[in-house]
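The structure displayed is predicted, hence computed values, not measured ones.
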Amino acid sequence: MAGPIITSSTPVEPAERRRVERRGNSRIGDLTLPEVRRIMITLLLGAVVLGLFFWMVKSVVVAAILGLIIGFYIRPVHLWLLRRTGNRNLSAIVTLLAVIVPVLLVLAYSYSELADVVGYAVTHQDEIVVKVNVAMKRVPILREARFNNSLGSAVVAITSYGARLPLMLKGAVKDFSISATIFLFTAFYILIEAEKVGNYIAGKIPPRYEELRRALETNVRGVLYGAIYSTLLTQTLKSLIILFMNLAFGVPLAGALAVISFIIGFFPIVGSWSVYVPVAIWLVIFRDAVGPAIAMIIIGTLVNTVFISTYLRPKIAAQRSRVLNFYWMFVALITGVYTFGLAGILLGPILIGLLKAVIDTVTARSSWQVLELDDIDDLPPMRQA
């Protein structure tokens, strides 16, 4: 009879604590000193690299953001061309040219027209001073005042500034060219690689944050669409009003002034009033047209500045976004522009949209009902009935 089979099991030594992977189930109290040191070094190095990166791109970060946003916004046109050409690069180039070329042509036309006006003002300063002085004499409270010296100095200063505009533009070409290059290449990259960018970002987000990711994506997409659509629509509407008033009152450079009104309306503080107020003053001084000047001031103030800028734009943006209501969209547009400048038209609504997504996700009932996998593993096993 064979003897008993004796089996011996070698005890398994517990793995060293620093080698145990605890990404899925970890507690701060379980961290060892080497792990804490590694985390601190990683965070410090990451903060330094991130700070240096933002310092390097600080001068073009607005151009990059605008290129990113515009790239996503005009991507449907790129996809429509891609289905017909079959070439991603060609479709992206044609899409960008369709947006950029008309803008450059309009800017070149406006610059040539304004250059002629500046040249005329430089060579006819005395004539302009006489006409302004005569117009001032028609005002009862200013009839006895003398404006020759002060008006002459003001006209000379204004015309000298206008004469320096071409030189100032040439000096800004360097910075503009760098920002334009970043803008174009960012938009081009987004047009042809949007899926890869989206998949990369989605792959870096853990599944447990899927609800928050969907909320952020929905809100950002909505507020971007609403802000861009309402801004372009209202700026076009205000420029058309300026154009019609200029044509109706016989103001020269009607088209160029409308283009300037469209462009200047994107910047903080200044707006279409920077166009219709000087035009109204010109009508009084050089045309003796007080009625048209008053009409232009009233229409521009009530329609362009009050109604369109402060009511219609946030109203349309809120309706199109389906994320923010009128009040929060109004706050986003106004404070965004005053805080971030031109990019604030988009960054303001994005920030409030992100804030709303975070609040909605944290306060949603489902957020409090979903248990983490780590917590599930710690629960005692359920007894069979």
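If you take CG on Asn304 and OG on Ser239, they are separated by 8.0 Å, rounding to the nearest 0.5 Å. The structure places CG of Leu240 at 6.5 Å from CG of Leu243, a figure rounded to the nearest 0.5 Å. To the nearest 0.5 Å, atoms CD1 (Ile70) and CG (Leu191) are separated by 10.5 Å. Atoms OG1 and NZ, from Thr305 and Lys238 in turn, are 7.0 Å apart once rounded to the nearest 0.5 Å. Taken to the nearest 0.5 Å, the CZ atom of Arg221 stands 13.0 Å off from the CD1 atom of Ile350. The distance from the CZ atom of Arg75 to the CD1 atom of Ile190 is 9.0 Å, given to the nearest 0.5 Å.
Closest non-hydrogen pair, Ile192 versus Arg88, comes out as O-NH1, 2.9 Å. Contact record, Ser309 with Pro314: O-CD, 3.7 Å, taken as the closest heavy-atom pair. The nearest pair of heavy atoms linking Leu232 to Thr236 is O-OG1, 2.7 Å. Taking all atoms of both residues into account, the shortest heavy-atom contact from Ser321 to Met329 is OG-CE, 3.7 Å. Residue Ala332 comes nearest to Ile352 through the heavy atom pair CB-CD1, 3.5 Å, listed as atom of the first residue, atom of the second, then distance. Residues Val323 and Thr218 come closest through the heavy atom pair CG2-O, 4.2 Å.
For Arg320 and Tyr229, the positive end sits near the middle of the six-membered ring, less than 6.0 Å away and at most 45° from its axis.
Note: Phe326 and Tyr311 meet the aromatic proximity criterion, with ring centroids under 6.0 Å apart.
Between Leu312 and Phe307, the closest side-chain pair of non-hydrogen atoms falls below 4.5 Å. Side-chain contact between Thr301 and Val277 is absent, with no heavy-atom pair separated by less than 4.5 Å. Tyr225 has its side chain out of reach of Pro349: every pair of non-hydrogen atoms, C-beta onward, lies at least 4.5 Å apart. Side-chain contact between Asn87 and Leu82 is absent, with no heavy atoms from C-beta onward closer than 4.5 Å.
Arg37 pairs by the side-chain contact (heavy atoms from CB on, under 4.5 Å) definition with Leu33, Pro34, Ile41, not counting sequence neighbours.
Under a hydrophobic-cluster definition in which Ile, Leu, Val, Met, Phe, Trp and Tyr are linked whenever side-chain heavy atoms come within less than 4.5 Å, directly or via other members, Ile178 and Met56 are assigned to the same cluster. Following chains of ILVMFWY side-chain contacts shorter than 4.5 Å, one cannot reach Leu45 starting from Leu43, and the two form parts of different hydrophobic clusters. Cluster annotation: Ile260 and Leu105 are assigned to the same hydrophobic cluster (Ile/Leu/Val/Met/Phe/Trp/Tyr, side-chain heavy-atom contacts under 4.5 Å, transitive). Cluster annotation: Val99 is connected to Leu96 through the hydrophobic network of ILVMFWY side chains, with a link wherever side-chain heavy atoms come within less than 4.5 Å. With hydrophobic clusters built from ILVMFWY side chains whose heavy atoms lie under 4.5 angstrom apart, Leu68 shares a cluster with Val197.
The side chain to side chain contact (heavy atoms under 4.5 Å, CB included) test with Ile242 singles out one residue from Leu237, Leu247, Val251, Val275, and that residue is Val275.
Using a 4.0 Å cut-off between charged side-chain N and carboxylate O, Glu193 and Lys196 make a salt bridge.
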